[in-house]
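Below is one structure; the comments refer to it alone.
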Amino acid sequence: MPVHTVKNASDLDTRVLPNLQRILLPNLNLMSDAVHSSVKGKVVQKGPVVSCRQGDYLLKAVIQEEDLQQSSVSQQASINVFFFGTMAKDFSLSVSQEMLLSVTRQKAFKFNFKDIVLLAGFIISKSPTEQTNRLHPCHLEMSGPDACVYVCTSAVSPSRELSAVSSEELLLFLFTCKGSQPRYTYVPLNELKPRRIVNVYGVVIFFKQPFPTKGTDYCSTLKITDQSNAKVGCTIFSERLEDHPKIFTIGDIIRLHRVKAQVFNESMTLLTSLGWSAVTFDGAIGSPVEPHASSRTFHFGEADKRTVETLRQWAASQPLLTSEPTVPLSSVQPRMYFDLSCQLLAKACIDSRCMLLKVWDGTKCGYPLLDVAVATDTWEGQSTTSKDREDMTANILVYDNHVEVAKTLKPGTFLRLYNLHAVPQRDSEQPPDVPSRLSFHLHGGTSFGRGLRVLPSHSPDLQPLKRLLESHADRAVEKEVNDDTLLEVWYTPPESVGAAITEEFYTVQTCRHALQQVSLAHVKRSTPPVVCHVRAQVRSYKPRKLYQCLKLFCPQCKSIEEVPDDGTIAQVFQEALRNSLPCSEHWAVTSSMDAPGAGRVITMHVASDMVLDNTHSQLLFLQSLTLDEMCVISGMHKNIVPVQSENRRMKLLDFSAPFLFCGDKRYYGCKRCSRSTFVEPVVSGGEMWDEHDVAKALGVQLMQYTLLIQFELQDGTSTLDALLWEDAEQFFHVSSAETSANQDLQDKVQLIMDRLHPPGSITAKRPWLELCLSAYSVKDNGRNRVCYQITNTETRGNFFTAH
DNA sequence: GATTAGGCTTTG
């Protein structure tokens, strides 16, 4: 009993469930044949998913008949629908409620951005609330195995009001709506109301590592605040440790979705509710706004980035929120409690309730350290011997609940230990003037945030520590100190040693070539054309600014162009304003309006064949508008072609600007292969046009978006420059065209590049990649040159998937 | 399937 989505509203009438009889809601009654019928309507109300008895879920919605004659009884046009079980959850995720937007200009009218649903397999029951809610005398229950829902989401469907709207009103409307509604609204922490399910942002002012509860879950407790200065405790329950928010330090920023406000001990608290999610960010101004997600899929966009940046700015001005820096070993004083960032060198089991961790942070403790005697064979990772390093390694006794986490650690991993205790161990025979040796304890329990956690290797606050450790490792190499442990640990890529805990990242070949792996030196000696399998690391890549990887490719003349930046495009629009004399085409209906406050007349042309169509599917030609205005309008309307006039005829803009705007997407024509003169578009009404149809109708050669990156690969035998181009979409699991308009996908590509080649990383830290390489010759100035391309390869790993 | 916990005034 699934919830299906369809693209076009017309599919609900024609393609979907053709064997069922549509009943108009006013005609529906208890005697109607529910088995062979369907109903259709817009979703005018959607309630939350609530859990009811027997562990079932329930969602109530109201749908309203659309296809009504004026005379219909309005009370019977809207009906309560109850969705049960997983269908309730699916429905809640797939469907949005009708949004009414009104524009006043002499008269008010409304536009309905709504989801339309087609329901079948329902049970018709008498509505017990007919008298109170004044809706349909029946309600529908969607619960049985035959229940199914088809949804057409976010269709801008012309209400009667809209179809009566003139072009001028449409233009005005488009200008009045500045973009679409935000996906989520966030409640300031001082405005929480009990029992409400909310989304919030906050700066972490206290946190505890997750600990097992007496129930089934782990529990994280934290306290957050925001610009309202309200301080709110949060309790997060989840069975899986990895689902808990990844908080590393006070001052980190957290975004919580679907948490429930509740009063406890007279203060407001937040509690995870059904479908909750948490995303955290580093709190430092200027560090990349990279989300650490607690769920595998989440939405993250420009608005989130701005919110995080604003919160960072605010937090920086609050002295109490700036995170206590971790204390290096060199600054540790006896008896203090402190947080330590370090690298694990070795570990040993003392007993079931105690483990010994040997760590270093590149600094030397000012106090003599206690050495804990452990049998050599109980160490994992080598116990140390070098006198030099003995002064720099600390032995940490980890107790009770922390043993569970400590057991999973692998030498080489970067760690943070919270509320570590420096305990002076006084030897009774020691003279009082001799300083006592320090030992370090991570006591049992989670009070004061006690605990330990693995730091991701790309964590910004790890970078100073890594530089320090790297310099020690380098010095050890220079001095040729025969101390393999240190070097081995340092040069073991955390990606492999810490794989189980931190992250996994690798590539796989998707081709069926049964090829033996060869070295890069071997590839270079081979005669093209040839396909090879190699194992290599990324030494460097370019362009480093990833938006520069996105190119335009003409399938006709094979040329590759940069994607013009907004400055260039805005310039083309400005120049076109000069050619704003009215033009008329016999095939178009033209209307004009004053641009608000700009002393300019904006003209809109619609192909006459399309005038009677659904406004959303029309191909619009707009003249005399700026790029900014175009961006606002294109967010609301599919298929807009910017035009200018020349000798009273309509003409396309220079091809440095997109010839077509479709929502967020922009499409370009090839300067060489497109007709510069305007071609009358051959249109037929009713269809939804895509960029290919529009290009064809206008005589434009459509440029394809493509990703192009040049890698410098290395494997110890040689280095080699290889392009990632034709199979780049497969490699990154994205579509180039979608990526051009979608911040999430751009972030995804960036995230993958950061895994392939972590910023600031040394060679040993970069992952080894299994790659399929194609070598081929190209003519370059009359000479043959060998080129290499990464083909048939895709990345795998737990990088986030945006949706 | 609900429940869990609700910092904290540390200690091997």
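Residue numbers start from 1 in every chain, and the chains themselves are labelled A, B, ... in the order their sequence lines are given, proteins ahead of strands. Hydrogens, waters and symmetry mates are skipped; everything else that's a heavy atom, side chains included, is used.
One interatomic measurement links the two molecules: CG of A:Asp351 to P of B:dG12, which rounds to 14 Å at whole-angstrom precision. Rounding to whole angstrom units, CD1 of residue A:Ile236 and P of B:dG6 are separated by 13 Å. In this entry the distance linking CD of A:Gln262 with C1' of B:dT3 reads 13 Å, nearest Å. Rounded to whole Å, atom P of B:dG6 lies 17 Å from atom CD1 of A:Ile224. In this structure, A:Tyr399 atom OH and B:dT10 atom P are separated by 18 Å, rounded to whole Å. Across the protein-nucleic acid pair, A:Phe211 atom CZ and B:dT10 atom P stand 20 Å apart, rounded to whole Å. Summarising the geometry, the separation between CG on A:Asn401 and P on B:dT10 is reported as 18 Å, rounded to the nearest angstrom. Taking atom OH on A:Tyr218 and atom C1' on B:dT3, their separation rounds to 16 Å, with Å as the unit.
Within 4.0 Å (heavy atoms only), A:Arg335 reaches no atom of the nucleic acid at all. Looking at heavy-atom distances under 4.0 Å, A:Leu271 makes contact with a base. As judged by a 4.0 angstrom heavy-atom cut-off over every strand, A:Tyr337 is placed among the base-contacting residues.
If you look at A:Tyr201 and A:His257, their ring centroids are not closer than 6.0 Å.
Nearest to the side chain of A:Asn419, among B:dA5, B:dT10, B:dG12, sits B:dT10. Among the nucleotides B:dA5, B:dT10, B:dT3, the one closest to the side chain of A:Asp217 is B:dT3. Closest approach to the A:Thr216 side chain among B:dA2, B:dT11, B:dG6 is made by B:dA2 (side chain taken as heavy atoms from C-beta onward).
Relative ring orientation between A:Tyr218 and A:His244 is described as perpendicular, the plane-to-plane angle rising above 60° on a 0-90° scale split at 30° and 60°.
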Give the C-alpha distance, both sets of side-chain angles, the deciding distance and a yes or no for ring-ring contact (aromatic ring centres under 6.0 Å, His included) between A:Phe207 and A:Tyr418.
CA-CA 10 Å; A:Phe207 69 104; A:Tyr418 301 90; 5.4 Å; yes
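The structure places OG1 of A:Thr213 at 6.5 Å from CZ of A:Phe237, a figure rounded to the nearest 0.5 Å.
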Polar atom pairs between nucleotides 7-9 of chain B and protein, under 3.5 Å, N or O only, would you list them?
none

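Looking only at distances, a side-chain donor or acceptor of A:Arg312 sits under 3.5 Å from a matching main-chain atom of A:Asp282. Side chain of A:Thr363 to main chain of A:Leu329: a donor-acceptor pair is present (N/O by atom type, distance under 3.5 Å, no hydrogens or angles). Judged by distance alone, with hydrogens and angles left aside, the side-chain atoms of A:Arg416 form no donor-acceptor pair with the main-chain N or O of A:Leu340 at under 3.5 Å.
Between A:Phe237 and B:dT3, no base-stacking contact is recorded for ring centres under 5.5 Å apart and planes less than 30° from parallel.
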